Amino acid sequence: MPTTIVIDPVTRIEGHLSIEVTVDSVGGEDQVVDARGSGTMFRGFEILLLGRDPRDTAQLTQRICGVCPVSHALASCMNLDQAFGVTPPENGRLLRNLVLAANYLQSHVLHFYHLSAPDFIDTTGILDMSPWTPRYNPPDLIGGATAATLVGHYVEALHIRRKAHQMGAIYSGKLPCTGSYVVGGLTPNVTAENVADFRALLAEIRAFVDNVYVPDAMAIAAAFPSYYSLGVGYGNMLSFGVFDQDAAGTSKFFGSGHYTNGTAGPLDEAQITESVKHGWFTDATGTLHPSQGETNPEPDKPTGYTWLKAPRYTGAAHEVGPLARMWIDGHYTNGVSMMDRVVARALETQMLAAAMDGWLDQLVPGDPTYAPSAVPVTATGAGLTEAPRGALGHWMDVTDSTVSRYQVITPTAWNTAPRDDLDQLGPTEQALLGTPVLNINEPVEILRIVHSFDPCLACAVHMVRPGKRKHGKTFLIPPGIA
Ligand code: NFE
């Protein structure tokens with residue numbers, strides 16, 4: 001007899017995500033036979049940017065999310081660089097890399113210790129308090145001395161995240177949300193002192209990543225080997241590439257590309273479209289390239305079940321994120337499962353932290369950090385980069401020196417996308433199919449798989465009327481756009 005499980009909201013993510021799965025007996029085992037992910041809040045940043053000075057976008061799009069604001073600042077500035085026809089000087093390129101990398105370190109440590117690892121730890125007798133309780137109590141949790149050690153690292157990780165913010169703030173003014181990313185580069189000066197300050201904090205964080213985070217991730221992976229075959233999904237991967245290695249941005253530390261139905265290839269930005277058949281958006285805005293995209297909410301649409309559009313590459317659902325980046329570059333080849341996402345994220349953190357020392361070495365104190373430019377009357381731009389959670393794109397049109405179109409596709413829009421025009425499931429939905437569920441009252445397997453994508457619905461939404469978020473009837477839409 002099929003049973004429907006609704007997890008609403010999924011906790012230990014950013015933002016509001018509702019997951020609905022149908023569990024039925026397959027070969028005598030209870031398994032997920034259907035899945036739907038719903039972003040239960042409306043996102044309208046594209047709308048509030050219209051009519052603004054294009055330079056405002058670098059500030060306003062950061063407010064999409066406090067976890068990955070640097071990525072939005074960068075995507076926006078790349079967009080502006082293209083539209084304004086300006087190239088950042090070497091120091092500007094390196095500072096953009098360094099501040100973004102600081103945000104990656106903070107975000108990946110956050111995901112492992114504070115969002116994902118608690119799915120695997122039993123703290124009974126160690127910490128019987130929030131955020132460790134209430135929790136599901138499956139029989140496979142790690143307890144005892146190992147759990148006590150991991151709880152200690154959980155606390156230490158909070159300090160490491162603060163240090164990562166402090167480190168990034170040396171060149172970003174403050175974090176989260178930076179004022180220093182501007183068209184043409186970054187505003188701060190490079191001095192021998194601030195390079196030394198950055199390097200000292202980086203050394204502390206690297207020691208934690210090398211000696212604590214990576215070993216802990218490996219320990220959890222070793223304790224849960226069955227999760228190397230769960231949460232696999234389509235196996236399609238996509239990366240826009242990130243961390244420019246040259247002025248033109250043609251070479252990236254993590255490269256761009258796609259891996260589709262077992263075949264790898266270069267990124268062709270023209271192959272990106274968004275379906276809205278199952279999102280609460282007007283059907284006429286469906287299957288458009290984001291440079292032509294529109295955001296017209298239709299909260300009562302009968303075929304809708306989410307506020308997310310469904311991004312597709314060559315018409316197919318693709319996973320984005322650390323595993324996709326590591327897979328496309330050939331740095332990680334073990335597999336594409338729930339646990340591979342956790343391990344690839346840890347190994348990416350280690351690689352990136354090591355690269356940051358090299359970028360610090362290349363900074364030249366006193367050299368310019370940005371190139372001046374003027375607001376164009378008419379222009380188009382695109383800023384494609386990688387946020388910690390995966391591929392991020394901003395597309396913009398400028399008319400009469402103001403923003404006339406702005407579209408954003410976030411990593412979580414890719415991963416938590418709904419079904420598309422062909423009713424193909426989104427990557428997380430597909431990854432849940434076939435998952436055995438031991439106890440339908442405590443479906444921890446679902447949570448572990450969803451958490452492995454590190455979803456951030458805050459990146460996909462911005463307001464909700466508390467307690468009234470079901471299925472499109474009572475969402476709060478800003479006046480004048482419904
Ligand atoms: Ni809100 Fe973000 C990242 C972006 S995810 S955290 O990483 O863009 O949609």
Side-chain angles (χ1 to χ4, degrees), residues 9-10 12-17 37 39-43 45-46 57-58 60-79 99-112 114-116 161 164-165 168 175-178 181 238-243 254 272 274 279 290 306-311 318-326 341 344-345 348-349 352 382-395 406-418 426-428 450-463:
V10 175
R12 278 189 277 106
I13 64 166
E14 295 91 15
H16 291 248
L17 170 66
T40 57
M41 296 190 292
F42 173 65
R43 166 190 189 209
F45 273 80
E46 288 96 340
T57 62
L60 293 175
T61 59
Q62 291 184 63
R63 273 67 192 177
I64 288 173
C65 179
V67 181
C68 61
V70 182
S71 307
H72 287 286
L74 176 61
S76 169
C77 284
M78 292 170 71
N79 200 342
V99 178
L100 180 65
N103 185 241
Y104 266 59
L105 303 191
Q106 187 280 134
S107 183
H108 285 0
V109 170
L110 157 71
H111 175 261
F112 180 71
H114 304 129
L115 304 180
S116 177
R161 286 174 53 204
H165 272 332
L175 284 173
C177 293
T178 162
Y181 275 67
L238 183 70
S239 170
F240 290 168
V242 65
F243 300 115
F254 292 123
I272 301 167
E274 287 190 291
T306 179
W307 279 114
L308 273 68
K309 299 178 184 175
H318 283 69
E319 171 175 345
V320 300
L323 176 60
R325 288 189 286 267
M326 296 288 275
R341 288 184 197 100
R345 188 178 286 105
E348 174 181 90
T349 312
L352 182 58
L384 273 66
T385 184
E386 288 278 314
R389 284 156 195 76
L392 172 66
H394 286 202
W395 290 263
Y406 209 95
Q407 288 291 311
V408 175
I409 304 182
T410 61
T412 295
W414 285 97
N415 286 336
T416 317
T428 303
V450 171
H451 282 158
S452 72
F453 286 95
D454 194 5
C456 174
L457 276 292
C459 270
V461 294
H462 84 283
M463 60 177 68

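Counting convention: from 1, in listed order, for ligands and their atoms alike. Bear in mind the structure is a predicted one, so any value in this text is a computation, not a measurement.
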- Which of the numbered atoms in ligand 1 are below 4.0 angstrom from a heavy atom of A387? 3 (C), 4 (C), 7 (O), 8 (O)

- Atom indices of ligand 1, in the order listed, that fall short of 4.0 Å to a heavy atom of C65: 1 (Ni), 6 (S)

- Note on the structure: A student comparing L457, T412, L110 should find that the heavy atom closest to atom 5 (S) of ligand 1 comes from T412

- Looking at Y406 and E46, what are the two nearest heavy atoms and their distance? O-CG, 2.8 Å

- For the side chain of H111 and the backbone of H451, is there at least one donor-acceptor N/O pair under 3.5 Å apart? yes

- Just one of R389, R341, R325 clears the salt bridge (Lys or Arg N to Asp or Glu O under 4.0 Å) bar with E348, so which one? R325

- Looking only at heavy atoms, which two atoms of F453 and R345 are closest? And how far apart? C-NH2, 4.0 Å

- Query: In ligand 1, which numbered atoms sit nearer than 4.0 Å to a non-hydrogen atom of T410?
  - Reply: 8 (O), 9 (O)

- Query: Would you say the side chain of M78 lies within less than 4.5 Å of the side chain of H394, judging by non-hydrogen atoms?
  - Reply: no

- Numbering as shown, the atoms of ligand 1 that approach H72 to under 4.0 Å (heavy-atom distance): 4 (C), 8 (O)

- Has C68 got an N/O/S atom less than 2.8 Å from atom 2 (Fe) of ligand 1? yes

- For ligand 1, which atoms have a heavy atom of P411 less than 4.0 angstrom away? 4 (C), 5 (S), 8 (O), 9 (O)

- Task: Find all atoms of ligand 1 within a distance of less than 4.0 Å from any non-hydrogen atom belonging to C456, and give their numbers and elements.
- Result: 1 (Ni), 5 (S), 6 (S), 9 (O)

- Message: Show the nearest heavy-atom pair for residues R12 and L115, with the distance to one decimal.
- Response: NH1-O, 2.6 Å

